[in-house]
Trainee: 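Dumping the structure here so I can ask a few things about it.
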Amino acid sequence: WLGISNTVDSQVSLASGSKGLTALTVMSRVENGELGLDTTARSVLGDDLPLIDDRVTVEHLLAQRSGIGDYLDEDEIDAFIKVLEDCLHE
């Protein structure tokens with residue numbers, strides 16, 4: 001596909017493909033009492049995440065409504081848009 005071969009060294013973007021597996025793993029920990037939906041993201045992920053507000057909970061993250069800002073810079077977004085436009089015009 002697109003003339004690109006995969007090898008053991010290939011890097012691929014999972015994009016949203018891992019969201020379901022992550023949610024399943026988190027919810028199994030909730031079910032086992034190891035984690036609560038009201039647990040703050042910082043208490044799980046640590047304090048080295050400046051974009052995450054202290055009020056963001058595990059439930060916010062799972063519902064994708066945490067308010068965490070974009071992690072891509074404008075150059076990466078512009079490059080991504082160009083790739084999409086190129087694909088549409090082929």
Side-chain angles (χ1 to χ4, degrees):
W1 188 66
L2 295 176
I4 302 170
S5 300
N6 280 326
T7 69
V8 294
D9 296 319
S10 296
Q11 294 182 7
V12 296
S13 174
L14 293 178
S16 294
S18 61
K19 288 179 185 175
L21 180 59
T22 301
L24 177 67
T25 303
V26 169
M27 289 307 295
S28 74
R29 295 196 69 186
V30 168
E31 187 175 70
N32 290 337
E34 301 170 48
L35 189 65
L37 290 175
D38 59 346
T39 302
T40 65
R42 281 197 184 281
S43 68
V44 177
L45 302 174
D47 291 329
D48 271 354
L49 303 166
L51 295 178
I52 298 180
D53 188 275
D54 293 335
R55 299 168 292 176
V56 174
T57 65
V58 169
E59 183 176 6
H60 291 129
L61 294 174
L62 287 175
Q64 299 173 32
R65 54 186 175 84
S66 65
I68 295 174
D70 291 334
Y71 60 88
L72 298 174
D73 66 27
E74 286 187 34
D75 292 337
E76 290 172 316
I77 293 171
D78 290 343
F80 179 71
I81 290 171
K82 181 170 180 357
V83 168
L84 290 177
E85 288 173 345
D86 290 347
C87 288
L88 292 173
H89 297 298
E90 286 183 357

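Throughout, numbering of the chain's residues begins at 1 and tracks the sequence.
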Trainee: Partners of Asp54 by side-chain hydrogen bond (donor to acceptor under 3.5 Å, both in side chains), sequence neighbours excluded?
Mentor: Arg42

Trainee: Can you measure from CG (Leu62) to OG1 (Thr57) and round to the nearest 0.5 angstrom?
Mentor: 8.5 Å

Trainee: What's the shortest heavy-atom distance between Val58 and Val44, and which atoms?
Mentor: CG2-CG2, 4.4 Å

Trainee: Kindly compute the distance separating CG (Leu37) from NE2 (His60), expressed to the nearest 0.5 Å.
Mentor: 10.5 Å

Trainee: As an exercise, state the distance from CG of Leu24 to NZ of Lys19, rounded to the nearest 0.5 Å.
Mentor: 16.0 Å

Trainee: If you count the non-hydrogen atoms of other residues, nucleotides and ligands that lie under 6.0 Å from CD in Glu34, is the total more than 12?
Mentor: yes

Trainee: Testing the basics here: between Ser5 and Ser10, what is the closest heavy-atom pair and its distance to 0.1 Å?
Mentor: O-OG, 3.9 Å

Trainee: Side chain of Thr39, backbone of Leu35: donor and acceptor closer than 3.5 Å?
Mentor: no

Trainee: Taking the side chain as everything from C-beta on, heavy atoms only, tell me whether Val26 gets closer than 4.5 Å to Leu61.
Mentor: no

Trainee: Got a second to check how far Thr40's OG1 is from Glu59's CD, nearest 0.5 Å?
Mentor: 13.5 Å

